[in-house]
Each structure stands twice: as C-alpha cells, then as structure tokens.
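Here is the structure we will look at, set down as structure tokens.
Below, chain A is the first sequence line, B the second, and so on; all start at residue 1. In this text, all values refer to a predicted model and were calculated from it rather than measured experimentally.
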Amino acid sequence: MPGRASWPTPRETAQGGVMRLSRYFLPVLKETPAEAQIVSHRLMLRAGMIRQQAAGIYSWLPLGYKVLRRIEAIVHEEQERAGHIPLLMPTLQPADLWRESGRYDDYGEEMLRITDRHKRDLLYGPTNEEMITDIFRAHVGSYKDLPLTLYHIQWKFRDEIRPRFGVMRGREFLMKDGYNFDVDRDAAVHAYNRHMVSYLRTYERMGLQAIPMRADTGPIGGDLSHEFLVLADTGESEVFYDSAITDLAFGERAVDFHDPQACADVVAEWTAPYARTDETHDAAVFAEVPEARRRTRRGIEVGQIFNFGTKYSEPMGATVSNAQGKQVPVHMGSHGIGVSRLVGAIIEASHDEAGIIWPEGVTPFHCGIVNIKSGDSETDGACERIYAALRAKGLDPLYDDREERAGAKFATMDLIGLPWRITVGPRGLKVGTVELTSRRTGESEEVSPEAAIDRIAAIYSGR
RNA sequence: CGGAGUGUAGCUCAGCCUGGUAGAGCACUGUCUUCGGGAGGCAGGGGCCGCAGGUUCGAAUCCUGCCACUCCGACCA
C-alpha cells in the first residue's frame, strides 16, 4: 500500500482500547422528540446526550456526560489556578442551618424539603452559603488563615414551577459554587475581582464569549454582583451593551491572581463598557453610548459573582480574630458557574442546521474517524493505525466503524458535532491521502494520514 | 399556581368524532442488492392504546376521577 511505511506504528495506550462507534452507546435520533422547543434541547436529545427522567431532571448519557466532565475539568483547573480550594459538600442539608440564617422560610416553594424517617427536616440544597459558613466557623478562627476561598461542584435542586429548555433550566443542575472568606472589605473586593478574572479565562477556554453584566443581587443579597451572559437569540434575559465589550478578549495574558491591582485592572477594563441585563438597565446611561455601538440582544446566564459582606457571617457567628485580637465577622462572597447549563448554552451559541459544533475546549471526542468502507481491509487498517497514532499523542478520537453508508456516518458526525473529521476511503488511500474536514467551516483537504494526525495534535496542543 | 394542550411501538405520528381482532414511516432482526452526504427489495420481532373506575354483548374510541408531560403567563443559576 502506498504510504504505509511512513505511517505511525499502531500502539495500545494506557487509556484502553479503541472507542469504536459500533461498540459505543450513542442513541442518536433521526427525528426530533416532540417535547423539545429550543435548539440546544433538540440537539442534545437527537445526539443521544441526555434522557429526560422527569420534568427538569435528566440522565446524562455517555456523550453528554463526556461534555459535562470536560466542562467540569476546565472549571476545576481554572479555580485551582486562581488559588481556590476544592471540597465537596452534600446535596442534602439539615433545615436547622437554614433556620439559622433565616432563609428556610424565605426561600419558598423552590426549595425541595424532605423529611427523614426520624421526622427531621432536610432539604435538597439549592446553594451552600449556610453550610460553608458552618464549616468555616467550626475550623477557622484567625485572620492569619485568610484569605480563603473554598468551592465545590455539586448537584443542586431548585423546584422550578416550570422547568423548560432542557438542561438550561432543569430542576436538578450541576453547579460550581465557591465562597471567599476575607478579613475586611478591601480583601473581599479583591476576591471578587479575582473571580471575575478567573471566570473570563474559564469561559474563553470553553469557546464562549460570556459578558460580565452588572446584576441585581437577588435572594443571595449583597452590594456588588455581576452576571456572565452568553449572547444567544434563545436567551431568557434581554441585555443591553456597548459593542466595545465584545471586542475584548482575555487571550493568553498572565495575570497574577494574588496581585490586587492586576486583577482590578482587568475588572476595570471589562466593566468600563456599558453592559447590563434588563434588571439593571438604565436607559439614560445607555443613551450615552455612541449609537453605532449600542446593542440590544438576548443572553443566557452562565454564571454570577456576588460580594455580600457579613450577611451570613454575622447571623451565623462566623468570626475571626483580627490583628488587634478583636472578633470580627468575616467578609464573604459567593460565585457560581452553571456547569450543566453551560452544555446547553454552548450549543445555543455554536450549532448549524446539521447539528452541534463543539468548540475544541469542550468537545466530547477530539475528532471523528469515518471509515467509508467498513470491512475493507485497506480502510480498516488505515483507520486503526490513525486511531492508535492519535491515542499515542494523548488524543481521544471516536472511530465510526459501523456498517453504514457514508452519508449516514457523515450525518451522525455532523449531528454530534466533533470539530474535526478524518475520512478514510479507498479513493484517497489509492493516492495515499485521507480527508481532513472542519466541522465549523465545512472545508476539507486531502492530506497524508500523518499530516492529518499532526494537524489535529497541533490544534489540541496546550488545551 | 392561572390559562391551553398532549398521553397509542425506541422516535415521529395516524386511528377516537361515528365502539366491533391495534396501524404507518423511521429505528431493530434476518437476507439480497447497494455502497463518498441519513439507499432499495423480501421476510420478521416488538404495544396492559398513561392509570383507575364506569357505561356497553363488546372500549384505544363514550363518561368520571387521577397521574404524567408540553406550551403561554407570573418566577428563575
């Protein structure tokens, strides 16, 4: 076979065997289930990512679960980069903690209340301010232990009156929520700024532009808050912004998260242009933006940061000794990223008529390998070698080895949205080439197998 | 929670008005022909028709109640 001598040597990797589509669990649907109204929900069902189990409650099937885990991994990496410390709190919480803060009665019907066999009141946590404060007050007593930011990624439950839009507004949802503890307001504001910088990085890695917009503090309380919104026509909030903000990009800049001024500078840059949701929109201020740069669109909220000072620490007695030996309530803030919601938001922001288009940062598989003629020893062998070479480079490809026609395989690949596709057929192999296709642009080029492998490895290097 | 709908095969739906042996397409199994953008033929498998009562000789179909889900609204990471 021409070109074979130069192909990479097949090798098993520590990550396991070949992920053949014929042996995978990917229940794709040709038709759209009737209940799905918005594009991300339809595509998640059609691509076999989720299955609804009850209103607003979903199972995450293998493909969806992979994306969820990739998003989760990015959030963890960026949190730890900012110096935040992961832990894990339970989904069920004792009601007494919430009685202490006064929110047990305030929270209303959205809180799912549960009684155990001993008739003790529990709740499925919609958030964790009370519990983290309890942990803090039990173990931290000195300003010397500050600053401290703890976070976790855990399932939450809010008993929405009317769940809709698939995972974008489910009742059960996966969320990263973090809590900063600082000795005074200045330190807490730095924590706030640090979170904004960290979030900008986080969303960019997911291929999203999430715009920080001044927000109401709502039931969390406090004096300072921004929401991060992804622009999409199906967004639930109307947003108003100066187009200057969408020209900003965090890029590769290295910000020292421990440097208050460096973080404040970034925040100043991103909060200078007008950007507000309908909750905080001020038409008079917006009118000062040059008309050509005024934009009104819709957005999906994918995160929010709050500084709320001593709202929880005071009633719950979370204090530390300051440098003067005096007991002072700790200053706190909380910060959330809607991890499961992001899966839907990314699809809303990145799809076409044929299906999903995953950004490289979150794609469930790095690329697809389509065998045009399964059962043919030449194409089978070439696909296996390409697969092994990609795995040897630390990549995670999906190999479509099914006994299907080419059109069906292409349609499946387009639907599930892998950003790159290597098509291997007898026609190309005769002249030593495969086809490398970009899902986003649809552009294809005929290249040697090793060139295709190198290109894909280069695209993902550093991610 | 107010208003409006829908529950029949894994998915999309017909059948219900006018009661009489449960259907189609896709998907699935076998087989033949195909084979670079969701192919075609032949032969198959698969349903407590959402649940419970009622009316009737007979109920997917008519009546009552309940449950679930969806949409619009108010609410919302």
Side-chain angles (χ1 to χ4, degrees), chain A residues 27-38 41-42 45-46 48 51-57 107-111 125-128 153-178 199 210 215-220 225-230 235-237 277-279 299-306 334-345 353-355 370-376 379 400 402-415 421 423-430 434-435 437 442 444 446:
Chain A
V28 298
L29 303 172
K30 200 179 281 189
E31 288 171 286
T32 303
E35 75 263 22
Q37 298 301 308
I38 65 167
H41 191 193
R42 287 201 296 265
L45 291 166
R46 287 195 53 212
R51 176 175 174 79
Q52 180 168 322
Q53 306 290 176
I57 298 176
Y107 220 96
E109 294 289 311
E110 266 197 6
M111 181 184 284
T127 178
N128 287 68
I153 296 178
Q154 177 63 291
W155 291 94
K156 307 282 192 293
F157 196 92
R158 290 182 196 171
D159 197 1
E160 299 282 348
I161 300 166
R162 190 184 157 208
R164 61 183 124 173
F165 305 149
V167 300
M168 297 246 291
R169 191 162 163 216
R171 292 193 291 172
E172 188 182 47
F173 56 97
L174 187 62
M175 181 174 168
K176 169 261 163 180
D177 49 322
Y199 277 28
D216 271 344
T217 52
I220 310 280
S225 180
H226 281 83
E227 290 180 336
F228 289 76
L229 286 110
V230 173
E236 47 205 325
S237 327
T277 66
D278 43 13
E279 292 174 342
I300 301 164
E301 191 190 332
V302 293
Q304 188 162 7
I305 56 179
F306 299 90
S334 73
H335 323 89
I337 293 179
V339 173
S340 50
R341 164 176 279 202
L342 272 165
V343 180
E353 301 71 30
V370 169
N371 187 344
I372 288 294
K373 197 174 181 184
S374 292
D376 176 277
T379 58
D400 189 348
R402 294 173 304 161
E403 304 274 342
E404 287 285 348
R405 296 165 64 90
K409 294 187 178 190
F410 293 148
T412 297
M413 282 294 172
D414 288 349
L415 174 61
R421 187 181 82 208
T423 308
V424 181
R427 203 172 69 194
L429 288 184
K430 278 198 176 63
V434 296
E435 189 179 64
T437 306
S444 290
E446 302 283 335

| query | Under 4.5 Å between any side-chain heavy atoms of Thr412(A) and Arg402(A), yes or no? | reply |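 Of all side-chain heavy-atom pairs linking Arg402(A) with Thr412(A), at least one is under 4.5 Å.
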| Student check: side-chain heavy atoms of Arg171(A) and Arg158(A) closer than 4.5 Å | no
Please classify the nucleic acid contact of [X] as base, sugar-phosphate, or nothing, using heavy-atom distances under 4.0 Å.
X         : value
Arg46(A)  : base
Glu435(A) : base
Ala411(A) : base
Gly344(A) : nothing
Glu236(A) : base
Gly425(A) : base

| So, the side chain of Ser237(A) versus the backbone of Thr277(A): is there a donor-acceptor pair under 3.5 Å, distance only? |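 Here the side-chain-to-backbone pair does not exist.
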| message | Whether the side chain of Arg164(A) engages the backbone of Arg169(A) through a donor-acceptor N/O pair (distance < 3.5 Å, no angle test) should be reported. | response |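 Such a contact is absent between Arg164(A) side chain and Arg169(A) backbone.
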Say we look at [N] and [M]: how far apart would their [atom1] atoms be, to the nearest angstrom?
N       : M       : atom1 : answer
rC66(B) : rA74(B) : P     : 28 Å
rC76(B) : rC67(B) : C1'   : 26 Å
rG20(B) : rG15(B) : P     : 14 Å
rG25(B) : rA9(B)  : P     : 16 Å
rG5(B)  : rG37(B) : C1'   : 38 Å
rG47(B) : rC42(B) : C1'   : 25 Å
rA39(B) : rA27(B) : C1'   : 15 Å
rC35(B) : rG10(B) : C1'   : 27 Å

| query | With under 30° as parallel and over 60° as perpendicular, where do the rings of Tyr199(A) and Phe228(A) fit, or are they tilted in between? | reply | tilted
| task | Going 5' to 3' through nucleotides 4-15 of chain B, assign each nucleotide B (protein heavy atom under 4.0 Å from a base atom), S (under 4.0 Å only from sugar-phosphate atoms) or - (no protein heavy atom that close). | result | -------BSS--
Rounded to the Å, how far apart are [X] [atom1] and [N] [atom2]?
X         : N       : atom1 : atom2 : result
Ile57(A)  : rA68(B) : CD1   : P     : 12 Å
Ile161(A) : rA74(B) : CD1   : C1'   : 7 Å
His41(A)  : rC71(B) : NE2   : C1'   : 13 Å
Leu229(A) : rC76(B) : CG    : C1'   : 13 Å
Asp278(A) : rC75(B) : CG    : C1'   : 13 Å
Phe165(A) : rC72(B) : CZ    : P     : 6 Å
Glu227(A) : rC76(B) : CD    : C1'   : 10 Å
Met168(A) : rU70(B) : CE    : P     : 15 Å

Considering Watson-Crick and G-U wobble pairs with both distances under 3.5 Å, what does [N] pair with?
N       : value
rC17(B) : none
rG73(B) : rC1(B)
rA43(B) : rU29(B)
rA59(B) : none
rG37(B) : none
rG7(B)  : rC67(B)

| message | What's the closest nucleotide to the side chain of Asp414(A) if the choices are rG36(B), rG37(B), rG38(B)? | response | rG37(B)
| request: Please determine if a side-chain N or O atom of Arg162(A) lies less than 4.0 Å away from the OP1 or OP2 oxygen of rC75(B). | output: no
| query | Is the phosphate of rC72(B), meaning OP1 or OP2, less than 4.0 Å from a side-chain N or O of Gln37(A)? | reply | no
From [X] atom [atom1] to [Y] atom [atom2], the distance as rounded to the nearest 0.5 Å:
X         : Y         : atom1 : atom2 : answer
Thr32(A)  : Leu45(A)  : OG1   : CG    : 8.5 Å
Asp177(A) : Lys156(A) : CG    : NZ    : 3.5 Å
Arg162(A) : Phe165(A) : CZ    : CZ    : 7.0 Å

Give every pair of a protein N or O atom and an N or O atom of nucleotides 27-34 of chain B that lie under 3.5 Å apart, one pair per line with the distance.
unit_1: rU34(B); atom_1: O2; unit_2: Arg405(A); atom_2: NH1; d: 2.9

I'd like to check the side-chain contact (heavy atoms from CB on, under 4.5 Å) partners of [X]; sequence neighbours left out, ordered by chain and number.
X         : value
Ala354(A) : Asp352(A), Asp414(A), Arg439(A)
Phe410(A) : Val370(A), Ile372(A), Ala406(A), Arg421(A), Thr423(A)
Ala345(A) : Met168(A), Ile300(A), Val302(A)

| request: Between Gln304(A) and Arg402(A), just flag the one whose closest nucleotide in RNA chain B comes earlier from the 5' side. | output: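 With Gln304(A) and Arg402(A) compared, the 5'-side residue is Arg402(A).
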| remark: Taking for Arg421(A) and for Ile337(A) the nucleotide of RNA chain B with the nearest heavy atom, the one nearer the 5' end belongs to Arg421(A)
| Is there a donor on the side chain of Arg169(A) or the base of rC76(B) sitting less than 3.5 Å from an acceptor on the other? | yes
| field | Partner set under side-chain hydrogen bond (donor to acceptor under 3.5 Å, both in side chains) for Glu31(A), not counting sequence neighbours | value | none
